[in-house]
Amino acid sequence: MKIISSPKALQSDLLQQKRQGKTIAFAPTMGNLHDGHLSLVTLGKKQADLMVSSIFVNPKQFGPNEDFESYPRTLSKDIELLKSVGCDYLLTPTIQDIYPQGEKQHTSVKVNRLTDKLCGASRPGHFEGVTTVVNILLNIVQPDIAIFGKKDYQQLQVIRAMVNDLFLPIKIIGAEISRTPDGLALSSRNGYLTENEKKQAVVLRQTLLWAKQQILANDTFQSIVKEAHEKLNSEGFTVDYFEIVRQSNLEIAINNNENLLIAAAAWLGKPRLIDNLEVNFSDS
Ligand code: AMP
């Protein structure tokens, strides 16, 4: 695996590869890698000749009271993991490499839909930070396909919207959520959980599964959402949101006429956990 910190150096190396007819898949990350991240690399390797990943803890997507400073940084372990799944290139830029003008002065990219609800409601500016850095990274790598996890479902939809609006010639692929054997969605922030909280945390997934059963049993969405809040609160979570939304536009759903997403975010001890479950009624 080639490890390159300079965006320009990676860009010219990859442009040469493209001129030789090689296709490129890309999966950006913030490091502290787990099997979820590695599944994106494995998926990308099946779809393209060369697999590129990046590790960059992007300050622009963290709020002032969030964990940018303490976010786990485990570069040497991450490098070994990426090598083990056959990643071809890794970009490891500094903040100065990505935002040479300084974060505030730098050109930013803002998607003006999908971003004010769910995670966007409690993390103002978060998605602008995400789309700005993803756009920069996509322009550096110029991949044929880019892979993002469905764990961050709203992020995936916002990136799809950006790629569409800006006519970026890149196919966006959503990868299924990787979980622990008992169902907890893998996350770099799970390391903040105590052993006891890790056991409790599976209730988030269980509540999503319960809600799906209730939807299929034709219970009203309002009562499902209300009961889910009660269940989570009684299990020690502080619920940020628990919503049944339309997959296409993330608007609150009122019936089963289209594919749905049950999406949840809740604090358990230190971390804010997110998870979701698709409920598909049609192929579209
Ligand atoms: P992050 O390092 O948290 O920014 O995540 C980098 C990429 O990995 C994003 O596309 C995430 O959606 C994806 N990802 C994170 N956790 C998981 C998971 N448990 N399963 C699948 N993809 C994931």
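Note on residues 231-250: no pairs pass ring-ring contact (aromatic ring centres under 6.0 Å, His included), not counting sequence neighbours. For residues 23-62, every residue pair satisfying the ring-ring contact (aromatic ring centres under 6.0 Å, His included) rule, not counting sequence neighbours, is listed here: His34-His37, Phe62-Phe68, Phe62-Tyr71.
In this structure a side-chain-to-backbone donor-acceptor pair under 3.5 Å is present from Arg73 to Glu69. Looking only at distances, a side-chain donor or acceptor of Gln154 sits under 3.5 Å from a matching main-chain atom of Cys119. Looking at Thr23, its side chain does come within 3.5 Å of a backbone N or O of Asp49 through a donor-acceptor pair. With hydrogens and angles disregarded, no donor-acceptor distance shorter than 3.5 Å links the side chain of Asn135 to the backbone of Thr131. Side chain of Lys45 to backbone of Gly86: a donor-acceptor contact under 3.5 angstrom is found.
Two different hydrophobic clusters hold Ile147 and Leu10 under the rule that ILVMFWY side chains link at heavy-atom gaps under 4.5 Å. The same ILVMFWY cluster, assembled from side-chain heavy atoms under 4.5 Å apart, contains both Tyr153 and Val111. Val134 and Ile145 fall into different hydrophobic clusters, where Ile, Leu, Val, Met, Phe, Trp and Tyr side chains are chained together by heavy-atom contacts under 4.5 Å.
Considering every non-hydrogen atom in both Asp97 and Ser5, the closest pair reads OD2-O, 3.4 Å. Nearest approach of Pro93 to Pro7, heavy atoms of both residues: CB-CG, 4.5 Å. Smallest separation of non-hydrogen atoms from Pro143 and Leu138: CD-O, 3.5 Å. When every heavy atom of Met162 is checked against every heavy atom of Val109, the shortest pair comes out as SD-CG1, 3.8 Å.
Residue Leu15 qualifies as enclosed at atom CG: its count of foreign heavy atoms under 6.0 Å is above 12. Heavy-atom neighbours of Glu230 CD from other residues, nucleotides or ligands within 6.0 Å: above the threshold of 12.
Residues that satisfy the side-chain contact (heavy atoms from CB on, under 4.5 Å) test with Ser187, not counting sequence neighbours, are Lys151, Arg189, Asn190.
One distance of note links CE of Met1 with OG of Ser84; it measures 9.5 Å at 0.5 Å rounding.
Between Asp275 and the options Lys150, Arg179, Arg205, a salt bridge (Lys or Arg N to Asp or Glu O under 4.0 Å) holds for only Arg179.
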